Visitor: 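One structure, pasted below without further comment.
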Amino acid sequence: MSNLSSLSREQLLALKKQLTEQYDACRAQGLQLNMARGKPGREQLDLSTPLLTCVSSAEACISEDGTDCRNYGGLDGLPGMKRLFADLLEVRPENVMVGGNSSLNLMYDTIARAMLYGVLGGTPWSRLERVKFLCPVPGYDRHFTVCESLGIEMVPVEMREDGPDMATVKDLAKHDPAVKGIWCVPKYSNPEGKTYSDAVVDAFAALRPAAADFRIFWDNAYCVHHIRDEHDELKNILDACAAQGRPDMVYLFTSTSKITFPGAGVAAMAASETNIADIRRHLSAQTIGPDKLNQLRHLRFFKDRAGVEAHMKKHQAILAPKFAAVQEILQAELGGLDIAEWTHPHGGYFISFNAPDGCAARIVQLCREAGVVTTPAGATYPYGRDPRDRNIRIAPSVPPLSELRTAISLFTLCVKLAAVEKLGTRKPVLA
Ligand code: PMP
């Protein structure tokens, strides 16, 4: 098939007929495949099953520092677990607070605290007329849902190849005191799989926002989630901010959700000592302490960063062929048609796909009607509104390889069909 936009009206009609026949045949197969959410597949979950039995006696519940993990205490986590997260986030253990099972929960709570109490003595955000967050787009839908739920206005900022458009970020933060924060997934971003360059990290550290309580939410959810042997490197934001005399400007987050078990893993945040002291003060009113037994299980299972890295190699062995299959089919079916572009990430959980403008919702609908569920169109934008209706997040991890190939082949068919429908409506009818 050649470049679609060069086809005549008749050729487009003939192609539409042919694609519709293929689509109807696929639809008749009654597929039931899901590429909607970035979750580990069954085989990946199996990798961590031994974790469930590595703390199985009374003696085993005593951690290396002597804590009986069956009891209350240890608000910011087991010392060993703080050390492990410090190694993963490349910060010092005193800058880490280990939380419960979810980093999204830590992010939500961090904003909720800012709303209720303010940040380091500042006015509680809930008392302000307007609170705004900058949202690099496309981005992670659940970040946007947190803002929407808490009444925070979202301001989209375009992603570039190496991170958000920092000139715009700098300008908006500098001139508008209502801008209180920005969401970032700095490594293998959700959904594009991009890693911020050193220049972007430095530009973040050099921000001089109008709001003294402006915070960068640095969600490093995919810090060790490589799918190639060559790893992307991310410059240390806490050090960069400290070097610029602004150590308090950033909160870091991560979790083991896509290392062990999503929903039953361990999450952590890191920040300057001043921020951590502020957070600890409020947190001590909220809880007596986290689930240390789960922390201990994770600690015993991994021991150290090298243990995590060895485990992530096993994930890589499962995920890499899935990502490769998606790339291969997208290229074979859509390469050269000049209708779509997509990312080629070195890690993370997603491929970000841009269809022709105005086609994403139609593609998702066609896929769904043929039994393949994808992330809803628009989900990667604040308020679920993609202004160009073109971005779709592909999550290849859950379906087994053969099913994934079927799902992506159908996806490409739906892309072509939607594109031909769109082009057909644009071309004048020839006599
Ligand atoms: N941040 C990002 C960027 C994610 O993609 C996800 C999972 N989809 C999360 C956070 C959620 O992590 P957790 O399970 O720790 O809440």
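As the structure lists them, so they are numbered: ligands from 1, and atoms in each ligand from 1. Treat the numbers as computed from the prediction; the structure is a model and nothing was measured.
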Visitor: Check this for me, if you would: do Asp162 and Arg160 make a salt bridge, where the nitrogen-to-carboxylate-oxygen distance has to be below 4.0 angstrom?
Guide: no

Visitor: Parallel, tilted or perpendicular: which fits the ring planes of Trp342 and Phe353, with parallel below 30° and perpendicular above 60°?
Guide: parallel

Visitor: Could you list all the salt bridge (charged side-chain N to carboxylate O under 4.0 Å, His left out) pairs where at least one residue sits in residues 43-53, not counting sequence neighbours?
Guide: Arg42-Asp46

Visitor: I'd like to check whether Ala267 has a polar contact with ligand 1, where a contact means an N/O of the residue lying under 3.5 Å from an N/O of the ligand.
Guide: no

Visitor: Give a yes/no on ligand 1: does Phe253 have at least one heavy atom closer than 4.0 angstrom to it?
Guide: no

Visitor: Provide the number and element of each atom of ligand 1 under 4.0 Å from a heavy atom of Ser255.
Guide: 13 (P), 15 (O)

Visitor: Numbering the atoms of ligand 1 from 1, which are under 4.0 Å from a heavy atom of Val185?
Guide: 3 (C)

Visitor: According to the interplanar angle, ranging from 0 to 90°, do the rings of Trp183 and His143 count as parallel (below 30°), tilted (30 to 60°) or perpendicular (above 60°)?
Guide: parallel

Visitor: Measure the distance from atom 16 (O) of ligand 1 to every protein heavy atom, then report the residue, atom name and distance (to 0.1 Å) of the closest one.
Guide: Ser102 OG, 2.8 Å

Visitor: Can Arg130 and Asp176 be counted as an ion pair, charged N to O under 4.0 angstrom?
Guide: no

Visitor: Provide the number and element of each atom of ligand 1 under 4.0 Å from a heavy atom of Lys258.
Guide: 5 (O), 7 (C), 8 (N)

Visitor: Scan Val224, Asn220, Thr254 and name whichever one has a side chain to side chain contact (heavy atoms under 4.5 Å, CB included) with Lys187.
Guide: Asn220

Visitor: Run the salt bridge (charged side-chain N to carboxylate O under 4.0 Å, His left out) test against Arg388 and tell me which residues pass, sequence neighbours left out.
Guide: Asp357

Visitor: Specify the protein heavy atom at minimum distance from atom 5 (O) of ligand 1: its residue, its atom name, and the distance to 0.1 Å.
Guide: Tyr222 OH, 2.5 Å

Visitor: Within ligand 1, which atoms have a heavy atom of Ala221 less than 4.0 Å away?
Guide: 1 (N), 2 (C), 3 (C)

Visitor: Please check whether Asp219 reaches ligand 1 - meaning an N/O of the residue sits under 3.5 Å from an N/O of the ligand, judged on distance alone.
Guide: yes

Visitor: So, are Lys170 and Asp165 salt-bridged, with charged N and O less than 4.0 Å apart?
Guide: no

Visitor: Counting only nitrogen or oxygen atoms and a 3.5 angstrom limit, does His143 reach ligand 1?
Guide: no

Visitor: Could you identify the single nearest non-hydrogen protein atom to atom 14 (O) of ligand 1 and state the distance to 0.1 Å?
Guide: Ser257 OG, 2.6 Å

Visitor: Using heavy atoms and a 4.0 Å limit, tell me yes or no: is Arg142 in contact with ligand 1?
Guide: no

Visitor: For Phe217 and Tyr251, take the angle between the two ring planes, folded into 0 to 90°, and tell me which bin it lands in: parallel under 30, tilted 30 to 60, perpendicular over 60.
Guide: perpendicular

Visitor: Nearest protein heavy atom to atom 12 (O) of ligand 1, by residue and atom, and its distance?
Guide: Ser103 OG, 3.2 Å

Visitor: Quick test: of every protein heavy atom, which one is nearest to atom 11 (C) of ligand 1, and how far off is it to 0.1 Å?
Guide: Tyr140 OH, 3.6 Å

Visitor: Which of the numbered atoms in ligand 1 are under 4.0 angstrom from any heavy atom belonging to Asn190?
Guide: 5 (O)

Visitor: Let's go through Ile394 and Thr374 carefully: what are the C-alpha distance in whole Å and the side-chain angles of both, what is the deciding distance for side chain to side chain contact (heavy atoms under 4.5 Å, CB included) to 0.1 Å, and is it a yes or a no?
Guide: CA-CA 7 Å; Ile394 298 176; Thr374 64; over 6 Å; no

